[in-house]
Amino acid sequence: MRILFVGDVNGKTGRRMAAARLPLLRRERGVDLCVVNGENAAGGFGITGEMADELFRAGADVITSGNHIWNRKETADLLLHEPRLLRPSNYPPGAPGKGMFVAPTPHGPAAVINLMGRVFMPPVECPFREADRLLGELPPEVRIVLVDIHAEATSEKVALGWHLDGRVSAVLGTHTHVQTADERVLPKGTAYLSDAGMTGPADSVIGIKTSIAVRKFLTGVPVRLEAADGPAQLNGALIEVEPSSGRATSIERIIFREAGQG
Ligand SMILES: [Fe+2]
Ligand SMILES: [Fe+2]
């Protein structure tokens, strides 16, 4: 079976790109499950119900997120009513929503798990132990498991990949918005990529308008960050999984840029 994972959809440009490319990718690459990180869908900060619906209509089966999931006040309520929209599972008890969803696919049930790192990130519970706990909860018939680890530090993401090797189908990083080139299938059958990248404005500072971001670095003065526009890119990964065992057999990075890009 084939799983398409799409890195952080950023602002209007990212949503436009997702709407245009997801249906094509699904059809052309025979995708059975599509997971999209949507934490930056609303102008770079959070996601609304309408935007989640937009991504579901475009072909997402499950939407994962990260630290920006709390940017919009209404999202807390949305998390309670839309089980296909996840927030990192290792937020402390009492946080609304859930971090795992089991999606039906033509090859049987597939669990999607959303976790967040702790290095240079808001304080949360241990993602390693949370992963162990969630895997212990899963019924044995769920053999296909995909993990979105939303984290800053590659060391933490690499360590989680090894920790889960052979126990999940894929561990895919998000949050930095810059795709890494370390995709591989680990020895026990887990597909791994430190960061899937960003789906959004290609000419930007990780999604933010370049002039604003550069000015912030030059002056150190806090500014109101604004999502960039212009030509779009789509970043993600395509993972092939053997449904009977849940083991990954291949992982391929997806990079698509609109015309006009070098
Ligand atoms: Fe992000
Ligand atoms: Fe993030």
Side-chain angles (χ1 to χ4, degrees), residues 5 7-9 33 35-42 44-49 51-53 55-56 60-104 109-165 167-176 190 195-196 246:
F5 183 78
D8 303 27
V9 170
L33 174 72
V35 179
V36 175
N37 187 302
E39 73 150 3
N40 308 107
F45 301 93
I47 187 166
T48 66
M51 291 168 191
D53 285 342
L55 291 176
F56 287 133
D61 296 301
V62 182
I63 300 173
T64 56
S65 66
N67 52 306
H68 284 299
I69 190 66
W70 314 112
N71 286 151
R72 297 274 178 148
K73 221 166 70 193
E74 69 259 38
T75 314
D77 197 47
L78 183 63
L79 282 164
L80 297 176
H81 299 106
E82 177 48 86
R84 296 172 299 164
L85 173 66
L86 302 179
R87 48 85 170 164
S89 192
N90 52 326
Y91 268 94
K98 285 201 163 62
M100 180 164 76
F101 178 72
V102 179
V112 178
I113 291 176
N114 196 180
L115 297 167
M116 194 162 83
R118 296 200 289 186
V119 180
F120 308 127
M121 298 294 289
V124 284
E125 311 284 358
C126 176
F128 293 75
R129 290 193 176 82
E130 180 67 1
D132 294 342
R133 191 186 72 75
L134 290 171
L135 291 176
E137 260 182 22
L138 277 178
E141 64 267 25
V142 182
R143 283 180 284 265
I144 304 153
V145 182
L146 180 138
V147 175
D148 174 350
I149 172 65
H150 195 78
E152 187 75 46
T154 44
S155 57
E156 194 177 20
K157 296 192 247 193
V158 170
L160 187 74
W162 286 110
H163 182 63
L164 296 177
D165 183 24
R167 296 197 284 154
V168 304
S169 313
V171 173
L172 304 161
T174 56
H175 177 69
T176 71
T190 296
D195 209 295

Q: State, with a plain yes or no, whether a side-chain heavy atom of T174 is found less than 4.5 Å away from one of T64.
A: no

Q: Does any pair with a residue in residues 127-155 pass ring-ring contact (aromatic ring centres under 6.0 Å, His included), and if so which ones, sequence neighbours excluded?
A: F128-H163, H150-H175

Q: For G99 and S89, which heavy atoms make the closest approach, and how far apart are they?
A: CA-CB, 3.6 Å

Q: Compare all side-chain heavy atoms of L86 with those of M100 and state whether any distance is below 4.5 angstrom.
A: no

Q: Can you measure from CD (E39) to CZ (R87) and round to the nearest 0.5 angstrom?
A: 14.5 Å

Q: Test your reading of the model: is there a side-chain donor-acceptor pair from T190 to the backbone of S169, 3.5 Å cut-off?
A: no

Q: Hey, could you give me the SG/CG distance between C126 and D132, rounded to the nearest 0.5 Å?
A: 8.0 Å

Q: I'd like to check P93 versus E125 (side-chain heavy atoms, cut-off strictly below 4.5 Å). Are they in contact?
A: yes

Q: So L135 and V145, do their side chains get closer than 4.5 Å, heavy atoms only?
A: yes

Q: For side-chain contact (heavy atoms from CB on, under 4.5 Å), just list the numbers for N37 and D8, CA-CA rounded to whole Å, side-chain angles, deciding distance to a tenth of an Å, and then say yes or no.
A: CA-CA 5 Å; N37 187 302; D8 303 27; 3.4 Å; yes

Q: Where is the tightest heavy-atom contact between A110 and L33, given as atom of each residue plus distance?
A: CB-CD2, 3.9 Å

Q: How many angstroms lie between CD in E152 and CG in D195, if you round to the nearest 0.5 Å?
A: 9.0 Å

Q: Write down the atom of E156, the atom of R118, and the distance for their closest heavy-atom approach.
A: OE2-N, 2.7 Å

Q: Would you say CZ of R133 has more than 12 non-hydrogen atoms from neighbouring residues, nucleotides or ligands within 6.0 angstrom?
A: yes

Q: Step by step, would you call R84 with D61 a side-chain contact (heavy atoms from CB on, under 4.5 Å)?
A: CA-CA 7 Å; R84 296 172 299 164; D61 296 301; over 6 Å; no

Q: Could you check whether any side-chain heavy atom of V62 comes within less than 4.5 Å of a side-chain heavy atom of L146, counting everything from C-beta outward?
A: no

Q: Is there side-chain contact between F101 and I63, with heavy atoms separated by less than 4.5 Å?
A: no

Q: To the nearest 0.5 angstrom, please state how far the CG atom of N90 sits from the CD1 atom of I149.
A: 7.0 Å

Q: Mind checking ring-ring contact (aromatic ring centres under 6.0 Å, His included) for F56 and listing every partner two or more places apart, or none if nothing turns up?
A: none

Q: Using atom types as modelled and distance alone, determine if a side-chain donor or acceptor of K157 lies under 3.5 Å from a backbone N or O of A151.
A: yes

Q: Indicate yes or no: at least one non-hydrogen side-chain atom of P88 is less than 4.5 angstrom from one of L115.
A: no

Q: Compare every heavy atom of N67 with every heavy atom of Y91, then report the nearest pair and how far apart it is.
A: OH-CA, 3.7 Å

Q: Checking N114 side chain against S65 main chain: does a donor-acceptor pair fall under 3.5 Å?
A: yes

Q: What closest approach, in Å, do T75 and I47 show between heavy atoms, and which atom pair accounts for it?
A: OG1-O, 2.9 Å

Q: So, for P127 and L160, which heavy atoms are closest and what is the spacing to 0.1 Å?
A: O-CD1, 4.3 Å

Q: Is the shortest side-chain heavy-atom distance between L85 and L79 below 4.5 Å?
A: yes

